[in-house]
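Side-chain atoms are counted along with the backbone in the values below, which use heavy atoms only and exclude waters and symmetry mates.
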Amino acid sequence: MKKISYILAALAMTGMLSACSGNQSAAESSATISTETATKPSAAESTVAAFTEAATDSTNPPTHDAISIPIPSTADTASIIPEDVTVRIGSLKGPTSMGLVWLMEQSEKGEAVNQYEFTMVTAADELLAKMVSGELDVALIPANVASVLYNKTQGKIAVIAINTLGVLDIVAADDSIQSIADLKGKTVYMTGKGTTPDYVFRYLLSGNNMSEADLTLEFKSEPTEVAALLKEQPDAIGLLPQPFVTAACAQNESLKIVLDLTEEWEKIQSDSKSRLVTGVTIVRRPFLEENPNAVAVFLTEHQTSAAFTHSNPDAAAEQIASLGIIKKASIAKKALPYCNITCLTGEEMKTALSGYLQVLYEQDPASVGGKLPEDDFYFQK
């Protein structure tokens, strides 16, 4: 166990797909990512409850601090004796998996320190079922869903890392939109009424002394609908997750990201150091307690993999395409600068995530499972 704190001390920071290829197939091939950014809190809560009862998400790339990911030294794992156990990892077919492609390749070659088994799915519900049943040891899931799962399982899971930060953007052709306040009197098209994107946007309105009464929010059922509307109406304004942002930009060259909601969040939360979080990495608590070395090694390899994805876009894009996460490497490469892929751990993780969950809780307690998680939700040893 004493090695774990050393490993975590060496770990640091961290995004999401976007592609400006512009054809409909590009948007369709990335549509599964919407599960990471628009999971309905009430649906997540009811799904987790069911599982537990049965088993008794053309502009300059963003420059957030999150993309500075120090690559750990091989010495970080050299002194740890790997345990004779296979770490079974589940992730969504999208940005969370994009941050793992290096590790997946190393594992396939037999060159990873740990033994791994990877599962990629298109819906978070599948991962929740496998975590509750014990078929997976580690999962990369939406942040609020992790809180719901923690509450429904009476603390049987813990968060060990934040793997993806915010992926929501305001897209428009109007260069005059430079702040949330500039949306006053306008119509914004978006998806996810009563879900995380809705909560986040309303919070940002409030933080800028605005409310829904100051503008018009029109909700569509799918991000592809908003993207299609932006193509048809050049003066329309949309709130979209990546990769639909860049798909929309490709279909209309006058469109651009006018507001990065991660940056807008950080303007309001600058004192608290909270972050706009999309995905987290969780572990089953029994597995963590029984295999601390395996978890410590995984965290180091997790960070190295995230750093590789960020620092080697050509190679990472090829791997992403070969794994079927995105159909074309060229699209994946364009997506990567906007992906906010990370590996935040320890106290930094707790501060970033707890502040985010607090905001969701204040808007709707059900979005985090009815109550905020206890301190043991955040693995910091």
Side-chain angles (χ1 to χ4, degrees), residues 1-14 55 69-91 96 99-100 102-104 106-107 110-119 127-128 130-141 143 146-147 149-163 279-308 342-354 373-381:
M1 286 294 289
K2 65 181 180 180
K3 296 296 183 183
I4 298 178
S5 59
Y6 174 77
I7 296 296
L8 294 182
L11 298 178
M13 303 185 45
T14 218
I69 313 174
I71 300 178
S73 165
T74 54
D76 291 342
T77 56
S79 60
I80 299 179
I81 300 174
E83 290 155 343
D84 187 18
V85 60
T86 298
V87 185
R88 299 167 301 174
I89 301 172
S91 61
T96 58
L100 289 178
W102 175 87
L103 183 53
M104 291 178 179
Q106 294 299 109
S107 178
E111 296 177 3
V113 179
N114 273 339
Q115 300 176 57
Y116 294 107
E117 179 182 296
F118 292 94
T119 300
L127 298 181
L128 301 184
K130 292 179 182 294
M131 285 294 287
V132 172
S133 67
E135 295 175 63
L136 291 176
D137 307 307
V138 173
L140 288 73
I141 63 176
S147 178
L149 186 59
Y150 170 88
N151 283 319
K152 290 297 182 181
T153 61
Q154 291 76 50
K156 295 296 175 60
I157 61 101
V159 174
I160 56 177
I162 292 172
N163 59 62
V280 297
T281 303
I282 64 171
V283 63
R284 288 191 301 109
R285 196 174 301 278
F287 184 84
L288 173 62
E289 293 171 350
E290 295 169 9
N291 305 281
N293 283 358
V295 175
V297 170
F298 166 65
L299 277 172
T300 299
E301 295 192 302
H302 188 353
Q303 184 190 25
T304 303
S305 192
F308 175 90
T342 187
C343 191
L344 284 173
T345 62
E347 185 63 31
E348 190 173 18
M349 170 195 72
K350 180 180 179 181
T351 300
L353 181 56
S354 62
E374 302 293 336
D375 283 348
D376 66 345
F377 178 62
Y378 308 95
F379 176 70
Q380 298 184 78
K381 294 182 180 180

Exercise for review: Identify the residue among M131, R284, Q115, K130 that makes a side-chain contact (heavy atoms from CB on, under 4.5 Å) with R88.
Suggested key: R284
Check your understanding: Taking everything shown except E111 itself, do over 12 heavy atoms lie less than 6.0 Å from its CD?
Key -> yes
Practice item. Keeping the roles fixed (side chain from E117, backbone from T86), state whether a donor-acceptor pair exists under 3.5 Å. Key: no
Exercise for review: Indicate the ring-plane relationship of W102 and F308, choosing parallel, tilted or perpendicular according to the 30° and 60° boundaries.
Suggested key: tilted
**Study point:** Main-chain N/O of L103 paired with S107 side-chain donor or acceptor, under 3.5 Å
**Key:** no
Study note, to complete from the structure: To the nearest 0.5 Å, atom CG of N151 lies from atom CZ of F377 at 8.0 Å
Check your understanding: Going by atom types alone, do T96 and N163 pair a side-chain donor with an acceptor below 3.5 Å?
Key -> no
Practice item. Please say which of V85, V283, V297 ends up in a side-chain contact (heavy atoms from CB on, under 4.5 Å) with N291. Key: V85
Review point. Counting N and O atoms only, with roles assigned by atom type, does the side chain of E301 sit under 3.5 Å from a partner on the main chain of L299, one being a donor and the other an acceptor?
Key: no
Revision key, fill the gap. On a heavy-atom basis, the closest approach of R285 and G155 is NE-O, 2.7 Å
Point to revise | Under 3.5 Å donor-acceptor, N114 side chain and A294 backbone | key: yes
Point to revise | Distance, nearest 0.5 Å, that separates CD1 of I141 from CD1 of I157 | key: 6.0 Å
**Study point:** Interatomic distance, I162 atom CD1 to E348 atom CD [nearest 0.5 angstrom]
**Key:** 8.0 Å
Review point. Mind checking whether E135 and T119 have side chains closer than 4.5 Å, heavy atoms only?
Key: no
